[in-house]
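Just so it is clear, the values below take in all heavy atoms, side chains as well, and ignore hydrogens, waters and symmetry mates.
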Amino acid sequence: MKLDIESLRALKTVADTGSVNAAADLLCISRSAVSWKLKRMQERLGTNLLQKDGRGVVLTDSGHELLMFAETILTAHDAATRRFQAIDVSGTVRIGATEGASGPVLDVLAPWARRNTDDIDVRIRVDHPVALAGWLATGEIDLAVTMVLEPDVEPDDVLLWPDELVWAHSASGDFAHLERIPLVTFGHRCFFGAVAGELLTRADVPFDVVLENPSNYGVQMALASGAGIALINRRLLTDQHAEWEPPDSVAEAPGLRYVIRAASSEPSELVQMMLTQIRNSFTSASLRSASPLDVVTANDGTQLVGG
């Protein structure tokens with residue numbers, strides 16, 4: 001009996017997302033292909049691995065047991081292929097990434113660059129999503145690993161990770177009765193700040209930008225200290241934060257998606273190779289805990305989360 005890598009990957013992704021459809025989207029294959037891989041694996045093992053749970057699916061006891069092996073196998077397999085895949089193309093590729101995505105991007109590309117310094121020239125720039133979008137539009141970068149609002153996802157985007165925007169403040173602060181909202185943002189190019197400002201303005205809720213800090217950690221600490229309220233991705237929240245309930249007139253924030261976006265609809269072979277490797281590095285990570293896209297551990301142990 002043999003278990004193939006992609007069937008194990010399908011099982012893991014379904015377990016992570018709780019949905020065959022969501023797993024198919026992340027793996028960039030059809031729903032029927034995911035179902036077929038799982039069915040074939042169950043037949044080989046002679047046991048059920050999944051069971052329905054409302055509108056989704058969950059692992060059975062056998063599924064959980066197999067998943068432990070699958071995670072170990074996939075981690076080792078994907079690490080080996082990323083490190084040793086031969087590169088038979090040459091050229092320059094320019095990549096932009098948000099702060100949270102830069103770690104995994106470097107983990108994928110640095111080994112290639114070390115082994116192929118005579119053939120490829122990899123250049124990486126890290127900044128906020130607004131800057132990355134501008135560089136894509138002007139052709140200054142070939143790929144961006146970035147965040148976009150759900151309505152702004154483009155047909156050619158490679159979907160990496162779903163998330164949501166939430167209003168947050170200090171867990172110990174009282175922000176229930178405010179005449180004006182003290183808004184904390186990442187600065188004048190703040191992706192989340194622009195959305196927050198638009199939602200509050202449309203609802204005629206007055207606000208003042210009281211603090212601007214371009215780093216994830218800075219905003220995280222500002223909120224914990226009670227400096228104000230911010231619209232941030234959920235994965236930025238810690239036990240030092242609490243969610244803020246905005247007035248009923250404030251519309252719900254749109255969904256957030258992490259994507260790889262190419263500047264060209266017909267990327268070069270080298271750019272396409274880089275895109276594939278970056279995608280694989282994210283889809284092979286666990287969706288149940290901290291995403292490698294979202295979490296980078298600093299030298300002092302602090303987690304820097306988001307973009």
Side-chain angles (χ1 to χ4, degrees), residues 25-26 28 89-106 108-109 112-113 120-165 185-199 201-202 209 212-216 219 230-233 236 253-283 291-294 296 304-307:
D25 289 341
L26 282 173
C28 298
V89 295
S90 61
T92 298
V93 60
R94 303 158 302 170
I95 299 172
T98 60
E99 180 182 345
S102 60
V105 169
L106 288 169
V108 172
L109 301 184
W112 283 9
I120 62 171
D121 180 16
V122 179
R123 304 179 184 182
I124 300 174
R125 303 171 71 178
V126 179
D127 211 320
H128 291 297
V130 173
L132 301 184
W135 295 339
L136 280 173
T138 58
E140 294 179 63
I141 56 176
D142 303 299
L143 290 174
V145 186
T146 188
M147 297 178 289
V148 298
L149 299 179
E150 189 172 11
D152 298 330
V153 173
E154 298 180 356
D156 292 333
D157 286 344
V158 176
L159 299 180
L160 293 175
W161 199 271
D163 204 349
E164 61 180 315
L165 293 173
T185 78
F186 289 90
H188 68 282
R189 294 184 298 174
C190 176
F191 179 61
F192 299 154
V195 177
E198 183 176 352
L199 291 174
T201 299
R202 286 182 178 179
V209 177
E212 299 176 82
N213 191 311
S215 81
N216 298 324
V219 169
L231 186 66
I232 56 176
N233 56 316
L236 189 62
L256 188 66
R257 296 292 182 268
Y258 294 93
V259 303
I260 307 175
R261 179 172 292 180
S264 171
S265 59
E266 297 181 357
S268 67
E269 183 180 358
L270 176 59
V271 171
Q272 183 61 51
M273 183 181 294
M274 293 291 184
L275 187 155
T276 300
Q277 291 300 313
I278 294 171
R279 180 194 66 195
N280 290 344
S281 74
F282 288 112
T283 56
S291 162
L293 180 65
D294 300 320
V296 177
L304 305 183
V305 187

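Between V195 and E198, the closest side-chain pair of non-hydrogen atoms is not below 4.5 Å. Counting heavy atoms from C-beta outward, P254 and E150 have side chains that stay 4.5 Å or more apart. Residues V148 and P129 form no side-chain contact, since every pair of their non-hydrogen atoms from C-beta on lies 4.5 Å or further apart. Residues I141 and L136 meet the side-chain proximity criterion, which asks for heavy atoms closer than 4.5 Å. At a threshold of 4.5 Å between non-hydrogen side-chain atoms, the residues V122 and M274 count as touching.
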Check: After noting the C-alpha distance and the side-chain angles of N216 and F186, does the key distance pass the side chain to side chain contact (heavy atoms under 4.5 Å, CB included) rule?
Finding: CA-CA 8 Å; N216 298 324; F186 289 90; 3.4 Å; yes
Next item on the list: Could you please spell out the steps behind the side chain to side chain contact (heavy atoms under 4.5 Å, CB included) verdict for V145 and T98?
Entry: CA-CA 7 Å; V145 186; T98 60; 5.8 Å; no
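Rounding to the nearest 0.5 Å places CZ of F192 at 8.5 Å from CG of L149. Atom CG of D163 sits about 5.0 Å away from atom CG of N233, to the nearest 0.5 Å. With rounding to the nearest 0.5 angstrom, the CZ atom of R261 is 9.5 Å from the CG atom of D156. Within the model, atoms OG1 of T146 and CG of D127 stand 10.0 Å from one another, a figure rounded to the nearest 0.5 Å. For the atom pair CG of L143 and CH2 of W135, the computed distance is 14.0 Å after rounding to the nearest 0.5 Å.
Shown here for L159 and L26, the closest heavy-atom pair between the two residues is O-CD2, 3.8 Å. Across all non-hydrogen atoms, the minimal contact from A144 to L132 is CB-CB, 4.3 Å. Counting all heavy atoms, side chain and backbone alike, V271 lies closest to P267 at CG1-CB, 3.6 Å.
With sequence neighbours excluded, no residue forms a salt bridge (charged side-chain N to carboxylate O under 4.0 Å, His left out) with E266. For R94, the salt bridge (charged side-chain N to carboxylate O under 4.0 Å, His left out) criterion is met by D142, not counting sequence neighbours.
With respect to the salt-bridge test (charged N to carboxylate O, under 4.0 angstrom), the residues R123 and D121 qualify.
For H188 (side chain) and E212 (main-chain N/O), no donor-acceptor pair under 3.5 Å exists by modelled atom type. Side-chain N or O atoms of S102 include one that pairs as donor or acceptor with a backbone N or O of E99 at under 3.5 Å.
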